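Written out below as structure tokens is the structure these notes cover.
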Amino acid sequence: MNDYYSFTEIERKWQERWREAKLFRADTDPTRPKFYGLEFFPYPSGAGLSVGHFKNYAPNDAFLRYKSMRGYNVLHPMGWDAFGQPAENEALKRQRNPREMVPEYAANYRRQLDLIGLSYDWDREINSSDPGYYRWTQWIFLKLYEMGLAYRATAPVNWCPVDNTVLANEEVVGGRCWRCDSMVEKRQMPQWFFKITAYAQRLIDDLEGMAWPDGIKAMQRNWIGRSEGAEVDFAVEGAEKPLRVFTTRPDTLWGATFMVVAPEHPVVAQITTDEQRSEVEAYVSRAQRQSEIDRLAEGKEKTGVWTGGYAKNPVNDELIPIWVADYVVMGYGTGAIMAVPAHDQRDFEFARKFGLPIVPVFQDPDNALSGDEMPAATIHQGVAVVGPFVGDPDDERIVAKVINWIEERGIGKGVVNYKLRDWLISRQRYWGAPIPIIHCAKCGEVPVPEDQLPVQLPEVENYQPSGTGESPLATIPEFVDTTCPTCGGPARRETDTMGGFACSSWYFLRFADPHNENEAFSREAVDYWLPVDMYVGGAEHAVMHLLYARFWTKALYDAGLLGFSEPFKQLRNQGMMLAYTPGREVTADEAGGEDDEAPIEDWKVLRPEERETVPEEQWIWRWVKMSKSYGNTVTPDEAAEQYGADALRVYEMFVVPFEDTVQWSDEGIRGCVRFLGRVWRLVGQHAEGFSTEAWQAKVGEAEGKELELRRKTHRAIIKIGEDLENFRFNTGVAALMEWVNAMYEVSNALEPGKRSAALDEALEYLVQVISPIAPHIADEMWEGMGKSGFLYRQPWPQADLEIASAEDKLTIVVQVNSKVRDKLEVPAGTDMAQIQEEALKLPNVVRHLEGKQVVKVIAVPGKLVNVVVK
RNA sequence: GCCGAGGUGGUGGAAUUGGUAGACACGCUAGCUUGAGGGGCUAGUGACCUUUAUUGGUUGUGCGGGUUCGAGUCCCGCCCUCGGCACCA
């Protein structure tokens with residue numbers, strides 16, 4: 001082996017060899033246990049990857065290489081989430097055709113992933129914009145359609161005025177488009193939906209016990225938003241139907257002093273009195289015009305208008321006024337509420353502002369309320385003071401009791417409500433899988449017959465979103481005009497395409513059988529490979545991709561196409577990578593807030609093109625996410641060239657725990673290069689004449705320092721294995737470093753030309769154990785030791801538990817009144833009573849006992865002696 | 001407001017069931033090696049006090065209490081940071 005660790009050469013050499021040997025190719029083999037490891041498939045952007053992206057790729061790769069050494073048949077595929085808004089927007093910006101652009105960018109991504117030596121089976125590469133793929137996306141759409149889970153309906157939807165398309169609720173983040181950050185508008189349009197709401201309960205129930213981060217599970221539960229309560233009917237004068245409300249607190253019905261309906265509620269027109277009409281109409285039309293941002297600007301200040309109408313409270317026949325207010329939204333519950341200001345913060349604020357009565361249902365007898373004060377303290381305590389349940393405490397039981405009571409009287413019934421809305425899937429955009437439906441004047445909506453799939457996306461030059469609410473496909477007669485599969489008459493194709501999240505809702509299934517031309521996947525292949533055993537990606541998809549994919553899997557399970565109903569057994573979220581980035585203060589002028597696009601910030605990144613406009617001494621540095629547009633990225637190309645791929649991998653794993661945010665530092669990665677250099681030189685010193693048989697024959701005789709090293713070796717093997725298994729890469733690498741430091745001690749003490757069996761044993765295991773983390777240098781050292789083959793195919797070394805747990809001497813801590821006063825080295829197995837005796841004789845202990853009385857002595861076997869005195 | 005995750009040296013971060021706080025690294029300091037270097041090796045490094053030195057002592061895991069021989073870890077009450085949702089009845 002060379003004295004100098006020339007990583008560039010080594011890394012190139014082994015990447016080449018792995019490729020030639022198709023080392024990472026996975027074949028279905030029912031005789032072996034499988035392990036399917038996956039990272040969220042990326043949309044390949046033109047900016048390429050940064051070292052930040054490897055915060056998940058590198059550790060998961062180490063994990064999967066470890067799994068291979070553990071004997072698993074590992075599937076580790078990669079593909080491209082190529083359809084959808086991200087790719088199309090980038091193509092539009094660069095004035096490129098996405099059809100050409102995407103494969104180009106994908107090739108660059110693939111090159112960069114290979115640069116770090118990631119263990120992908122490239123034979124399974126897929127691209128969601130490939131007709132061979134989206135044909136099956138369309139096929140699944142039709143399956144869902146057949147099952148009644150895909151439907152078209154006119155509904156108020158989120159419209160992004162910049163991207164010129166509708167968006168799913170999950171794609172609206174804080175009232176803004178997830179891609180371009182512009183404020184979304186509400187529009188009434190016919191759109192395609194997937195009936196994810198039919199799975200709301202199962203999507204909650206099945207989270208139970210899943211090996212996912214608590215945060216993600218909580219976010220999904222929140223998003224689905226189950227709440228139990230009751231629907232109650234209030235008779236309304238002048239309306240033929242009663243006004244139905246949803247409440248989670250039917251036990252507070254006796255405290256309802258008014259009602260509120262959403263501005264869009266149909267009852268408004270029926271009940272508004274002539275005197276109130278102009279005011280109500282003005283309020284309703286203002287509410288409709290108002291954008292999200294106007295509403296936010298008004299803060300939480302309650303607004304509303306009385307309709308002039310009254311409703312009768314079914315529990316006590318009292319007439320209460322009906323108001324219109326925008327704090328009640330049409331999309332949830334029934335769009336109408338009974339207001340109980342004594343027990344609801346919002347109702348209270350409203351009542352206060354408009355002088356409406358506040359009637360407590362529950363009161364704390366020890367803490368009587370004055371009439372119009374917010375009885376905050378009694379919101380969930382006290383006992384009932386009105387109605388038939390006087391004296392009952394305010395808790396879960398009375399809610400159930402009241403539901404029972406109203407059901408008996410036919411006033412209302414217990415119901416469960418969900419915040420989750422159906423998944424809006426149609427997009428008025430070019431770059432997506434066309435929805436395989438044909439509209440026929442005679443037959444209506446007709447699904448495209450399976451044998452006519454795929455409905456090909458036409459190749460066109462101009463794919464600019466039209467902004468008319470119609471997809472650009474609508475302007476292509478060759479695409480639109482077709483014949484009805486049922487009656488043969490003239491018909492029109494659906495021109496909307498599916499949003500990108502449809503493609504990503506099943507790609508993990510396709511990886512099991514990526515080249516199948518006859519079906520989306522063979523049952524045999526998915527039965528063997530699925531579900532995904534380890535899924536790794538960012539937390540930003542908590543309620544988008546991760547919810548959709550679970551839904552599709554359940555639907556396909558119900559269709560009998562899959563034998564499991566949860567796609568991802570284990571999920572891990574990696575932390576972000578930040579870079580130290582110059583910025584500047586935002587002037588008061590800029591912060592003004594008139595601009596819809598500008599979120600309120602006091603600091604702004606200086607993009608590379610802006611840096612000359614601000615003198616350097618005014619730059620204010622902060623840690624921000626690595627991003628090409630901020631000019632703060634380090635590319636894997638640069639990192640691999642300067643420090644080496646292995647050092648980058650070690651760095652990504654070592655700096656912080658897997659799920660924590662990293663602050664990129666050149667010093668940090670240099671430390672990793674140094675570490676690999678130390679490993680290289682250590683192995684290099686002993687590689688010549690290395691013989692496994694030789695050390696194995698002699699290692700049993702090891703004693704003293706050598707035996708100590710053996711103990712460390714076998715402990716390290718166990719510890720590093722456990723750490724890799726549990727995604728604790730940072731402590732795993734630290735254990736590796738400690739172990740190497742211990743080897744150096746033995747190596748440095750060795751007479752020149754002599755060998756140490758314990759050291760040779762450690763070296764051989766070191767090379768194996770380091771290989772998932774730093775695979776290139778490991779394979780090179782392995783070869784340098786006269787071994788052959790790839791470590792990826794080697795078994796993980798078997799630690800000798802007896803050696804690992806053996807101790808010949810123990811350090812006992814001696815405390816006086818719980819303060820460490822001395823330490824005692826004793827041979828293992830020494831009787832605690834004897835240790836105690838010795839401990840009491842230690843000079844420093846004796847000093848602290850002077851003039852004091854020993855109350856008791858606590859002895860923890862093998863650990864410490866604590867003398868308690870007073 | 002609600003939900004989730006966290007607060008440990010100059011920095012990133014370690015600490016099985018409560019049992020030597022600060023592993024491992026970065027940075028820094030000193031020395032050695034020396035053809036320079038973001039090179040290699042050795043030693044030191046929480047703070048404060050004490051000692052010629054060895055030794056020794058006090059204090060220390062966001063804040064305030066508590067349980068315990070013993071608390072970063074357990075209990076009660078706060079504060080702060082990050083992420084998500086947000087007038088969801």
Side-chain angles (χ1 to χ4, degrees), chain A residues 4 173-175 213-223 225-227 229 245-249 252 260 262 295-296 299-302 325-329 331-340 343-347 349-350 417-420 539-540 542-543 573 575-576 642-643 650-651 654-657 659-663 665-675 677-678 681 722 728 730-741 744 748 811-823 843-844 847-848 855-860 862-869:
Chain A
Y4 182 67
V173 181
D214 289 339
I216 301 287
K217 291 205 274 189
M219 276 157 85
Q220 291 211 348
R221 272 193 211 102
N222 262 333
W223 187 260
R226 178 193 160 98
S227 62
V245 302
F246 172 71
T247 176
T248 53
R249 297 293 310 273
T252 64
V260 185
R295 260 169 97 157
L296 289 174
K300 306 266 191 247
E301 184 69 14
K302 296 279 178 297
D326 63 7
Y327 84 89
V328 173
V329 295
Y332 182 73
T334 61
I337 63 159
M338 62 161 188
V340 185
H343 299 288
D344 183 279
Q345 183 69 36
R346 296 150 303 190
D347 296 346
E349 284 165 17
F350 196 84
N417 239 311
Y418 299 93
K419 279 190 240 175
L420 184 68
E540 68 276 9
V543 293
N573 297 128
M576 283 193 298
Q642 260 193 71
Y643 308 112
V650 170
Y651 174 73
F654 177 61
V655 264
V656 286
E659 50 287 333
D660 285 13
T661 299
V662 197
Q663 303 178 341
S665 107
D666 286 294
E667 284 85 13
I669 192 169
R670 259 179 241 137
C672 298
V673 180
R674 207 172 299 161
F675 166 65
R678 270 167 71 76
R681 284 189 303 275
E722 282 173 358
R728 289 191 302 249
N730 58 327
T731 51
V733 174
L736 215 42
M737 288 171 167
E738 255 178 286
W739 184 23
V740 169
N741 290 344
Y744 259 99
N748 289 346
T811 304
I812 305 291
V813 173
V814 183
Q815 303 177 326
V816 177
N817 276 351
S818 306
K819 290 206 161 96
V820 181
R821 295 305 177 192
D822 212 334
K823 285 161 198 175
N844 205 34
R847 263 189 29 206
H848 282 90
V855 179
K856 62 173 165 177
V857 179
I858 287 153
V860 181
K863 282 217 167 126
L864 63 75
V865 173
N866 186 12
V867 185
V868 184
V869 298

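Keep in mind that this is a model prediction, so the values were computed, not measured. Protein chains get the first letters and strands the later ones, always in sequence-line order, with residue 1 at the start of each.
As a whole-Å value, the separation of A/Y4 OH from B/G40 P is 10 Å. In this structure, A/R221 atom CZ and B/C2 atom C1' are separated by 15 Å, rounded to whole Å. If you measure from atom NZ of A/K819 to atom C1' of B/G57, you get 10 Å, rounded to the nearest angstrom. Following rounding to the nearest Å, A/E722 (CD) and B/U16 (P) show an atom-to-atom distance of 12 Å. In this entry the distance linking CG of A/N573 with C1' of B/G4 reads 12 Å, nearest Å. In this structure, CE of A/M338 is placed 20 Å from P of B/C87, rounded to the nearest angstrom. Atom-to-atom, CZ of A/F675 to P of B/G39 comes out at 18 Å; the value is rounded to the nearest Å. Counting to the nearest Å, the P atom of B/G40 and the CG atom of A/N748 are 15 Å from each other.
With sequence neighbours excluded, the residues that form a salt bridge (charged side-chain N to carboxylate O under 4.0 Å, His left out) with A/R728 are A/D723. Residues passing the side-chain hydrogen bond (donor to acceptor under 3.5 Å, both in side chains) test with A/Y332, sequence neighbours excluded: A/S227. For A/S665, there are no side-chain hydrogen bond (donor to acceptor under 3.5 Å, both in side chains) partners, not counting sequence neighbours. Residues satisfying the side chain to side chain contact (heavy atoms under 4.5 Å, CB included) criterion with A/T811, sequence neighbours excluded, are A/K823, A/E825. Residues meeting the side chain to side chain contact (heavy atoms under 4.5 Å, CB included) test with A/D660, sequence neighbours left out: A/V656, A/P657. The ring pair (Phe, Tyr, Trp, His ring centres under 6.0 Å) test applied to A/Y651 returns A/W664, not counting sequence neighbours. By the side-chain hydrogen bond (donor to acceptor under 3.5 Å, both in side chains) test, A/D666 pairs with A/Y643, sequence neighbours left out. Shown here are the side-chain hydrogen bond (donor to acceptor under 3.5 Å, both in side chains) partners of A/T661, two or more places apart in sequence or in another chain: there are none. Scored by the ring pair (Phe, Tyr, Trp, His ring centres under 6.0 Å) test, A/F350 finds A/F258, A/W323, A/Y327, A/F354 as partners (sequence neighbours excluded).
Residue contacts shown for A/P213 are absent, as no nucleic acid heavy atom lies under 4.0 Å away. Counting any heavy atom pair closer than 4.0 Å across all strands shown, A/E540 reaches no nucleic acid atom. Among the atoms of the strands shown, none is found under 4.0 Å from any heavy atom of A/Y651. Here A/D347 lies out of heavy-atom contact (under 4.0 Å) with every strand.
Looking at the side chain of A/W223, the nearest of the listed nucleotides B/C85, B/G13, B/G38 is B/C85. Relative to the side chain of A/R681, the nucleotides B/C41, B/A89, B/A5 differ in distance, and B/C41 lies closest.
Of the side-chain N and O atoms in A/Y332, one or more sit less than 4.0 angstrom from OP1 or OP2 of B/A89. For A/H848 and B/G57, the shortest distance from a side-chain N or O to OP1 or OP2 is below 4.0 Å. Under 4.0 angstrom from either OP1 or OP2 of B/G57 there lies at least one side-chain N or O belonging to A/R821. Contact check, A/R728 against B/A14: no side-chain N or O comes under 4.0 Å of OP1 or OP2.
Comparing A/N844 and A/A218, the nucleotide of RNA chain B nearest to each residue sits closer to the 5' end for A/A218. Between A/V543 and A/T247, the residue whose closest nucleotide on RNA chain B is further toward the 5' end is A/V543.
Remark: the backbone N or O of A/A542 is paired with a side-chain donor or acceptor of A/Q220 at under 3.5 angstrom. Side chain of A/N817 to backbone of A/V869: a donor-acceptor contact under 3.5 angstrom is found. For the pair A/N866 (side chain) and A/I858 (backbone), a donor-acceptor distance under 3.5 Å is absent.
Summarising the geometry of A/N417 relative to A/G333, their closest heavy-atom pair is ND2-CA, 3.6 Å, with the distance given to 0.1 Å.
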Could you list the protein-to-nucleotides 81-84 of chain B atom pairs, N/O on both sides, closer than 3.5 Å?
none

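B/A30 and B/G84: their P atoms are spaced 46 Å apart (whole Å). Remark: the separation of the C1' atoms in B/C28 and B/G38 is 16 Å, to the nearest Å. B/U61 sits 5 Å from B/G72 when the C1' atoms are compared, rounded to a whole Å. Spacing of C1' atoms, B/A25 relative to B/U73, comes out at 24 Å, to the nearest Å. Nucleotides B/G7 and B/C74 are separated by 12 Å at their P atoms, to the nearest Å. Comparing the P positions of B/G66 and B/C24 gives a spacing of 36 Å, expressed to the nearest Å. Nucleotides B/U34 and B/C41 are separated by 12 Å at their C1' atoms, to the nearest Å. Taking the C1' atom of each, B/C80 and B/C63 are spaced 10 Å apart, rounded to whole Å.
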Where protein sits on nucleotides 19-31 of chain B, one letter per nucleotide: B base, S sugar-phosphate only, - none, heavy atoms under 4.0 Å: BB--BBSSS----

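In RNA chain B, stems built from 3 or more consecutive Watson-Crick or G-U wobble pairs, each with both distances under 3.5 Å, span B:1-7 with B:79-85, B:10-12 with B:24-26, B:27-33 with B:39-45, B:46-49 with B:56-59, B:62-66 with B:74-78.
Base orientation of B/G64: anti (glycosidic angle beyond 90° from 0).
Within a 6.0 Å sphere centred on OH of A/Y4, heavy atoms belonging to other residues, nucleotides or ligands number 12 at most.
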